[in-house]
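From a predicted model like this one, the values you see are computed outputs, not experimental measurements.
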Amino acid sequence: SHLECFCAAGELEHFSKAAERLHMTQPALSASIRDNIAIVGMDQFALKNFLVLGSKEKQYVDQQIQALQYFKYVDMPVKRVFFPLHKAMDGFMSDDQYDKLYWKPLKKIMMALIDMGVTPFIYTEGPYNTRLDHLMDVPKGKVVYMFEKVDMKKAKETVGQVACICGNLPTATLMYGTIDQIKDETKRILDIGAPGGGFIMDTSIVLDKCPRENLHAMFDTTLEYGKY
């Protein structure tokens with residue numbers, strides 16, 4: 001598959017060796033990687049970072065942590081860092097690939113920020129039901145996770161026990177739904193997420209424009225039912 005070609009090239013840092021491992025020619029491997037770039041919209045800079053991460057993970061992560069050291073000294077009333085998790089949704093890569101190439105480097109950066117008194121605010125792009133066990137592996141009460149598309153009940157029962165969770169109200173519903181549909185969906189999510197606290201009512205993704213009456217329907221329903 002395209003992803004197997006990506007990961008082999010990243011691990012070995014050598015296209016010929018990767019092609020040999022996968023029993024294919026180097027031109028075929030290169031073509032597969034080019035196709036994958038077109039599919040996922042990854043630019044050449046991001047591709048290079050992905051391919052070298054396997055063996056240079058520590059160097060890459062340490063550079064990111066070093067760049068964030070100013071949080072130790074800057075005078076800010078609230079310290080948060082937003083991470084949009086692109087190209088890590090369910091099915092894009094295997095659990096092993098996600099653990100090695102994505103979660104472990106990310107967690108190390110998150111832990112460094114937490115040690116500096118900073119709250120990582122993590123946005124999980126796309127479906128994220130198979131990644132919840134990884135997201136739980138953080139200190140309790142130190143991380144905020146925003147979901148675009150997840151089984152909110154499952155997320156509350158797992159990630160919600162160690163972190164604040166939010167999101168998951170479909171922006172399509174907020175933009176194009178009826179008032180009753182918006183109220184019903186808002187209440188459904190509140191009924192799952194609000195009990196016990198550790199929940200922020202929010203949409204699934206940033207929405208630049210929305211009918212005013214639809215937004216008020218969400219806010220009013222949240223004020224009415226968002227109690228525990």
Any link between [X] and [Y] through a network of hydrophobic side chains (Ile, Leu, Val, Met, Phe, Trp, Tyr) touching at under 4.5 Å?
| X | Y | value |
| --- | --- | --- |
| Y225 | M201 | yes |
| I109 | V74 | yes |
| M89 | V206 | no |
| F83 | Y70 | yes |
| L207 | V150 | yes |

Problem set entry | side chain to side chain contact (heavy atoms under 4.5 Å, CB included) between T173 and I182, intermediate numbers included | CA-CA 6 Å; T173 300; I182 294 167; 4.2 Å; yes

Without swapping roles, check the side chain of [X] against the backbone of [Y] for a donor-acceptor pair under 3.5 Å.
| X | Y | answer |
| --- | --- | --- |
| E148 | G126 | yes |
| T119 | R80 | no |
| R131 | A88 | yes |
| K156 | P195 | yes |
| K142 | M110 | no |

Is there side-chain contact between [X] and [Y], with at least one heavy-atom pair below 4.5 Å?
| X | Y | value |
| --- | --- | --- |
| L190 | F199 | yes |
| M116 | Q69 | yes |
| K104 | V61 | no |
| F71 | M76 | yes |
| K149 | P170 | no |
| T124 | L135 | yes |
| L106 | L85 | yes |

Problem set entry | Connected-component partners of Y123 among ILVMFWY, side-chain separation under 4.5 Å | F82, F121, V144, M146, I205

Could you pull out the closest heavy-atom pair between [X] and [Y], with the gap in Å?
| X | Y | result |
| --- | --- | --- |
| G167 | I189 | O-CG2, 4.3 Å |
| D99 | P105 | O-CD, 4.4 Å |
| P120 | V143 | O-CG1, 3.5 Å |
| N214 | M175 | ND2-O, 3.5 Å |
| C210 | L215 | SG-N, 4.1 Å |

Distance, nearest 0.5 Å, that separates [atom1] of [X] from [atom2] of [Y]:
| X | Y | atom1 | atom2 | answer |
| --- | --- | --- | --- | --- |
| M111 | D137 | CE | CG | 8.5 Å |
| I122 | C166 | CD1 | SG | 11.0 Å |
| D133 | W103 | CG | CH2 | 11.0 Å |
| D202 | I165 | CG | CD1 | 12.0 Å |
| T130 | D90 | OG1 | CG | 3.5 Å |
| T158 | K153 | OG1 | NZ | 10.5 Å |

[X] and [Y] ion-paired at < 4.0 Å:
| X | Y | value |
| --- | --- | --- |
| D62 | K108 | yes |
| E157 | K154 | no |
| D191 | K187 | yes |

For this session: Please say whether more than 12 non-hydrogen atoms of neighbouring residues, nucleotides or ligands are located less than 6.0 Å from NZ in K79.
Result: yes

Exercise. Do other residues, nucleotides or ligands put more than 12 heavy atoms under 6.0 Å from E125 CD?
Worked result: yes

Exercise. Should the ring pair Y102 and Y98 be called parallel, tilted or perpendicular, given that the plane angle runs from 0 to 90° and is split at 30 and 60?
Worked result: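 The rings of Y102 and Y98 lie parallel, inter-plane angle below 30°.
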
Problem set entry | Step-by-step salt bridge (Lys or Arg N to Asp or Glu O under 4.0 Å) determination, R188 to E185 | CA-CA 5 Å; R188 184 189 72 82; E185 183 63 11; 2.8 Å; yes

For this session: May I have the step-by-step check of side chain to side chain contact (heavy atoms under 4.5 Å, CB included) for V138 and Y145, ending in yes or no?
Result: CA-CA 11 Å; V138 293; Y145 289 110; 3.5 Å; yes

For this session: Go through the steps to decide whether F147 and L132 satisfy the test side chain to side chain contact (heavy atoms under 4.5 Å, CB included), and finish with yes or no.
Result: CA-CA 11 Å; F147 294 101; L132 299 180; 3.8 Å; yes

